[in-house]
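As structure tokens, the structure follows; a few thoughts come after it.
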Amino acid sequence: MFKNLIHIQLILFVILFNSVAQAQNKVSVDEIKNKMEWFADAKLGIFIHYGIYSVNGIDESWSFYNKKIGYKDYMKQLNGFTASKYNPKDWADLIKESGAKYAVMTTKHHDGVALWNSKYGSLNVAKKTPAKTDLLKPFYEALRERGIKVGAYFSLIDWSNANYPGFLKDSSKYQMKKEPVRWEKYLTFMNGQLDEIARQYNPDLWWFDGDWEHSAEEWNSPEIRKKLLTYNHNAIINGRLQGYGDYDTPEQNFPVSRPGYKWWELCMTINDNWGFQPQDKNFKTSYQIISIFTDVVSYGGNLLLDIGPKADGTLPEEEVNVLKELGAWNKKNGEGIFNTLAGLPQGHYYGASTISKDSTAVYLFVPAKTSAPVLLKGLKNKIKTITILGSNIPVAYKIVGKISWSSVPGLLYIDIPEIQQDKYMSVIKIEVEGKLDLYRGKGGFLTN
Ligand code: GLC
């Protein structure tokens with residue numbers, strides 16, 4: 001009996017495991033390898049949540065959905081959305097300065113307010129707010145002029161649309177199964193908007209959101225993917241299309257083990273909210289942002305760091321400050337970040353690291369004010385030189401515990417003089433002879 005139970009459990013586990021694996025394989029890695037190259041090299045993107053929710057400074061869309069504010073009052077914010085000091089060139093300059101290689105703007109959040117002059121419905125900033133204009137076009141142009149890739153966040157959910165079933169947390173407009181034609185109408189509307197964005201702005205990256213409200217079949221995810229790739233076969237699609245995206249998108253929470261897809265991106269706010277909220281002063285420090293960023297890159301991912309502009313289009317000064325500090329750090333240390341590969345496997349170094357694409361250099365990230373020597377284990381190569389980025393003076397190191405008759409490498413201790421340390425995070429560059437060769441054994445007596 002007991003044995004049978006275990007057997008059944010095992011079969012269930014295998015079925016479950018296979019279906020997860022199949023879901024992940026809907027988009028094959030080979031199909032997308034080439035187009036993902038710029039994304040894998042980019043490491044840093046800036047996320048922008050710009051919308052009418054910045055007028056009152058409340059949660060984007062969720063505030064009415066969760067009944068913190070009535071829907072009518074939420075929509076009154078349309079009248080205060082002026083974008084009067086909106087200067088997309090300044091935004092693009094700041095993004096460039098931060099070192100980011102792409103930017104993702106909310107073209108439409110779950111509240112259904114489009115940031116371009118859509119001909120599908122009239123709920124957009126050009127028709128319904130004092131901003132009176134398409135906010136996407138000048139921003140996307142400014143990005144492209146500066147060589148920054150263009151990303152379009154698009155909410156599949158549209159809680160304002162009459163033909164979208166969902167509305168408030170405890171009530172919906174209709175039941176899809178009872179009114180399939182109405183759902184079809186919504187899909188026509190939604191696809192119309194996607195066509196507009198594709199034709200008018202040709203995004204390099206689509207950042208879908210809200211897929212959790214319906215299945216891939218209901219959204220018709222394969223068709224959406226096919227269509228967008230017909231417009232631009234190099235377009236990258238994030239992993240929120242019910243299994244039909246190209247990369248994983250953990251949100252706010254730092255993954256402790258590497259996400260399942262080959263490519264991934266952590267989206268994260270600088271304070272605690274996506275959009276502008278004046279009372280939220282819980283800003284992460286520049287050090288925290290830099291350490292999160294280096295950790296993400298060490299794990300082979302990208303950081304999509306969010307900013308929330310005010311209704312007039314200006315940016316909170318704390319966010320500007322963080323982006324500038326990050327930019328200055330990237331300028332000095334970017335060699336260890338951009339165009340690198342994920343870092344050393346666990347066990348070699350207690351901290352973030354990256355490896356150069358040609359495998360001849362390892363970069364170790366060391367938090368400021370470290371007085372003890374840095375330790376690296378298991379490096380088989382001979383060392384050419386060790387420097388700290390931002391200075392060309394070689395630093396001292398010592399290999400200890402190397403036994404002459406054993407192939408197991410010794411422990412490498414590196415000194416980083418205080419005067420050469422970065423105020424946030426120093427980057428040690430270890431150049432090696434030949435291609436990086438790591439010892440992964442258990443410290444065995446003779447051979448391994
Ligand atoms: C969540 C939220 C949304 C936010 C997004 C950013 O999905 O629904 O408000 O825009 O995360 O990742």
Side-chain angles (χ1 to χ4, degrees), residues 39 44-69 71 74-75 77 100 102-115 125 135-136 151-161 164-169 172 190 193 197 203 205-215 219 221 236-255 259 261 263-277 280 282 284 289 292-293 296 301-311 319:
F39 182 82
L44 182 65
I46 301 297
F47 209 176
I48 302 154
H49 275 68
Y50 193 29
I52 64 167
Y53 37 85
S54 57
V55 173
N56 290 7
I58 49 176
D59 297 346
E60 67 290 345
S61 314
W62 292 100
S63 50
F64 74 79
Y65 179 87
N66 288 325
K67 297 166 110 178
K68 284 190 194 163
I69 183 173
Y71 180 71
Y74 181 92
M75 282 302 163
Q77 296 180 102
Y102 63 108
V104 180
M105 169 92 136
T106 45
T107 64
K108 186 180 89 163
H109 207 264
H110 314 330
D111 60 11
V113 182
L115 257 57
V125 294
L135 297 175
L136 299 181
Y153 167 106
F154 183 87
S155 169
L156 297 160
I157 293 173
D158 187 330
W159 289 323
S160 285
N161 191 283
Y164 187 81
F167 181 41
L168 304 177
K169 64 174 177 182
S172 14
M190 186 188 86
Q193 289 199 323
I197 296 175
L205 186 150
W206 289 89
W207 214 100
F208 286 107
D209 196 18
D211 66 340
W212 59 81
E213 285 207 349
H214 299 281
S215 64
W219 292 121
S221 301
I236 292 176
I237 300 172
N238 78 331
R240 298 193 185 182
L241 197 55
Q242 291 284 19
Y244 288 84
D246 299 322
Y247 69 89
D248 248 5
T249 58
E251 176 175 325
Q252 298 286 28
N253 307 312
F254 195 95
Y261 274 77
W263 299 277
W264 66 279
E265 171 200 69
L266 173 70
C267 55
M268 187 173 258
T269 52
I270 295 185
N271 50 4
D272 290 337
N273 288 282
W274 298 103
F276 173 66
Q277 300 207 17
D280 181 358
N282 198 20
K284 296 176 185 76
I289 296 286
I292 291 165
F293 177 43
V296 166
N302 290 358
L303 177 66
L304 183 64
L305 186 62
D306 180 74
I307 53 173
K310 298 179 189 174
E319 295 187 344

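Just follow the structure's listing: the first ligand is 1, and inside any ligand the first atom is 1.
- Near Cys267, the atoms of ligand 1 lying under 4.0 angstrom from a non-hydrogen atom of the residue are 12 (O).
- Ring-centre distance between Trp207 and Phe47: below the 6.0 Å cut-off.
- Remark: ligand 1 atoms within the under-4.0 Å shell around heavy atoms of Phe47 are 6 (C), 12 (O).
- In this structure, the side chains of Met105 and Leu136 come closer than 4.5 Å at one or more pairs of heavy atoms.
- Summary of contacts: the protein heavy atom closest to atom 2 (C) of ligand 1 is Trp62 NE1, 3.5 Å.
- The closest approach between a heavy atom of Trp207 and any atom of ligand 1 is below 4.0 Å.
- Closest protein heavy atom to atom 10 (O) of ligand 1: His49 NE2, 2.6 Å.
- There is a side-chain donor-acceptor pair under 3.5 Å between Gln277 and Asp59.
- The nearest protein atom to atom 7 (O) of ligand 1, hydrogens excluded, is given as Asp209 OD1, 2.9 Å; this is a heavy-atom distance.
- In Tyr53, neither the side chain nor the backbone holds a heavy atom less than 4.0 Å from any atom of ligand 1.
- The protein heavy-atom contact nearest to atom 1 (C) of ligand 1 is Glu251 OE2, 3.2 Å.
- Aromatic rings from Phe39 and Trp263 are positioned such that their centres are separated by 6.0 Å or more.
- The distance between the ring centers of His110 and Tyr53 does not fall below 6.0 angstrom.
- Asp111 places a side-chain N or O within 3.5 Å of a backbone atom of Val113 that can act as its donor or acceptor partner.
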Item to complete: Please assess Trp264 against Val296 for the test side-chain contact (heavy atoms from CB on, under 4.5 Å), listing each intermediate value before the final yes or no.
Response: CA-CA 9 Å; Trp264 66 279; Val296 166; 3.8 Å; yes
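- Counting protein heavy atoms only, atom 9 (O) of ligand 1 is closest to Glu60 OE2, 2.8 Å.
- Residues Asp211 and Trp219 come closest through the heavy atom pair O-NE1, 3.0 Å.
- Panel note: side chain Lys68, backbone Trp62; no donor-acceptor pair is recorded below 3.5 Å.
- Close approach of ligand 1 to His109 (heavy-atom distance below 4.0 Å) involves ligand atoms 3 (C), 4 (C), 9 (O), 10 (O).
- The closest approach between any non-hydrogen atom of Arg240 and ligand 1 is below 4.0 Å.
- Close contacts between ligand 1 and Trp212 involve ligand atoms 7 (O), 8 (O) [criterion: under 4.0 Å to a heavy atom].
- The closest approach between a heavy atom of Tyr65 and any atom of ligand 1 is not below 4.0 Å.
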